[in-house]
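Report on one structure; see the data block that follows.
Note on naming: letters A, B, ... go to the chains in the order of the sequence lines (proteins, then strands), and numbering restarts at 1 for each one.
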There are 2 protein chains.
Amino acid sequence: MHKLVSKKPEHETIYLRVKEMILFGEVIPGQPVTIHGLADLIGTGVTPAREAIRRLTAEGALVIQTNRRIEVPAMTADRLQQIELVRMTVEPELAEAAASNCKPNDISELERLDLLVDEAIKVGDIRGYLEANYRFHFYLYGLAEAQILRGIAETLWLRIGPSLRVVCGRYGTANLVDHHRATTRALRAGDAATTREAIAQDIRQGMDFVRQTAFE
Amino acid sequence: MHKLVSKKPEHETIYLRVKEMILFGEVIPGQPVTIHGLADLIGTGVTPAREAIRRLTAEGALVIQTNRRIEVPAMTADRLQQIELVRMTVEPELAEAAASNCKPNDISELERLDLLVDEAIKVGDIRGYLEANYRFHFYLYGLAEAQILRGIAETLWLRIGPSLRVVCGRYGTANLVDHHRATTRALRAGDAATTREAIAQDIRQGMDFVRQTAFE
DNA sequence: ACGCAATACTTTTGATCAAATTGCCCGTGA
DNA sequence: TCACGGGCAATTTGATCAAAAGTATTGCGT
């Protein structure tokens, strides 16, 4: 019999929790992070918290300001440009590759996730929007079976998460537009090139939206 | 009085040491890594070793096979292709940006490093070649002042380091060709576009060289 | 000799504690 | 009021230990 509960280590739990907090806008740029703070968050010792912090800083989700100040990084126009360059390379590629491996029930799942996105936008649920949008994209990217590219995409999402939250909070969810419908339509048609283009458009528009905000 | 020696933490020391081992071909794909092994390597406790491992796995330099087996990842044709895609996006961009910030003594330094590369190739010093080649590229990339792109480039180099070592060991250094001279010439001419192209060629050729080897 | 099971050993994992480092606050003096 | 310095407090850092988990090995029975 297979394991019912996969007991994951504490440091993994902390890592995943903080990752969610960053991706889904529960933290703010500039917010300090301490080892004890994370340990208390989960209710564990400091050792696993340290490992989670090392992992997150290695991924660029946190930055070490001084020896004893770690915080979630602030966005700048320059950093945004670097992120966009790599996103525009990696994510359309993932989308195109995903189109080849995509089965009908995968498309159904993507359409379900897109409905969650629309619903969150309608009711102005920022956290819900960020989470559903993330799940849509990475369910798609997971189909590509390109572990390295997918990992890079995740680090980039970790970097823009806090800023997305700030921008959404300022302008609301009403102005949010996405190209998910075009994506699922292309997938149903088995059109990989159009899938790639739809995701490319989605990213471009999303990054433009973030760029609206003045940084620093 | 300012501090003369900046005492860096043990986990940083271990991290840098293992990073060098991977980049400069001191480890072999498939080689297992244990917490105690790293701790003994530096002569320290296991706590800092754990943090170093978390960081390295987050960067893709190590992979977690099972719960208690961590090793240097093996290369596959598929992984190589993913790496090349991102390298060809990031590194030429870094090179072009570097050209704008490049001062004369920077070029001199790059030429000095290139001489070390040539010398290592001539005497067949694989480790020396890998190190000098790395220093040439990342001295250049450092000039670009694009922290995120540079970080991504480093993770990609960490991923191909062990394989480069294997390929060089098999075919020797005699067949190695690079485009460093074209790079420094373009830099002296202040020609950013040609600098970008030289580095792009350098990467393409290097990746082709690795691709020669059949991965099972 | 082979398969199966139990045991022993290696390794990770997480808590705790002492020491070191650094930021911070407050008081003193000009 | 402000600059400077000392001391306090919070935090990181690294070692150590106990417990858990998995792997390899040994031994037993057929």
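A donor and an acceptor atom sit less than 3.5 Å apart, one in the side chain of B:R50 and one in the base of C:dG14.
Comparing C:dT12, D:dG14, C:dG14 against the side chain of B:H11 picks out D:dG14 as the nearest. Considering only side-chain atoms of B:I35, the nucleotide from C:dT13, C:dG14, D:dA15 that sits closest is C:dT13. Of all nucleotides listed (D:dT11, D:dG14, C:dT16), D:dG14 comes nearest to the side chain of B:T47. Listed candidates were C:dT13, D:dA15, C:dG23. Nearest to the side chain of A:P9 is C:dT13. In this structure, of C:dT13, D:dG14, D:dT13, it is C:dT13 that holds the atom nearest to the side chain of B:R54.
Atom CD of B:E10 is separated from atom P of D:dT16 by 12 Å (rounded to the nearest Å). One atom, CD of A:Q65, and another, P of C:dT22, lie 16 Å apart when rounded to the nearest Å. Atoms CD1 (B:I53) and C1' (C:dT13) sit 12 Å apart, rounded to a whole Å. When rounded to the nearest whole Å, the span between CD of A:E51 and C1' of C:dA15 equals 12 Å. Look at CG on A:L38: it is 13 Å from C1' on D:dT11, rounded to the nearest Å. Nucleotide D:dT16 holds its P atom 11 Å from the NE2 atom of B:H36, rounded to whole Å. Between the CD1 atom of A:I64 and the P atom of D:dT11 there is a distance of 17 Å, rounded to whole Å. In this structure, A:R55 atom CZ and C:dT13 atom P are separated by 11 Å, rounded to whole Å.
In this structure the side chain of A:E91 never reaches within 4.5 angstrom of the side chain of A:D202, judged on heavy atoms.
Remark on DNA chain C: of its neighbouring residues A:R68 and B:G37, the 5'-side contact belongs to B:G37, judged by nearest-heavy-atom nucleotide.
The minimum heavy-atom distance linking B:R69 with B:P32 is given by the pair NH2-CB, 3.6 Å.
Listed pair B:T34 / C:dT10 fails the phosphate criterion, with no side-chain N or O lying under 4.0 Å from OP1 or OP2.
Of the N and O atoms on the side chains of B:Q82 and B:D78, at least one donor lies less than 3.5 Å from an acceptor on the other residue.
Using a 4.0 Å heavy-atom criterion, one finds that B:R69 contacts no nucleic acid atom at all.
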Should A:E109 and A:R135 be marked as a side chain to side chain contact (heavy atoms under 4.5 Å, CB included) after you check the CA-CA gap, both sets of side-chain angles, and the distance that decides it? CA-CA 10 Å; A:E109 173 65 10; A:R135 298 216 183 283; over 6 Å; no
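Residue A:Y129 forms a side-chain contact (heavy atoms from CB on, under 4.5 Å) with just one option from A:V117, A:L116, A:D118, and that option is A:V117.
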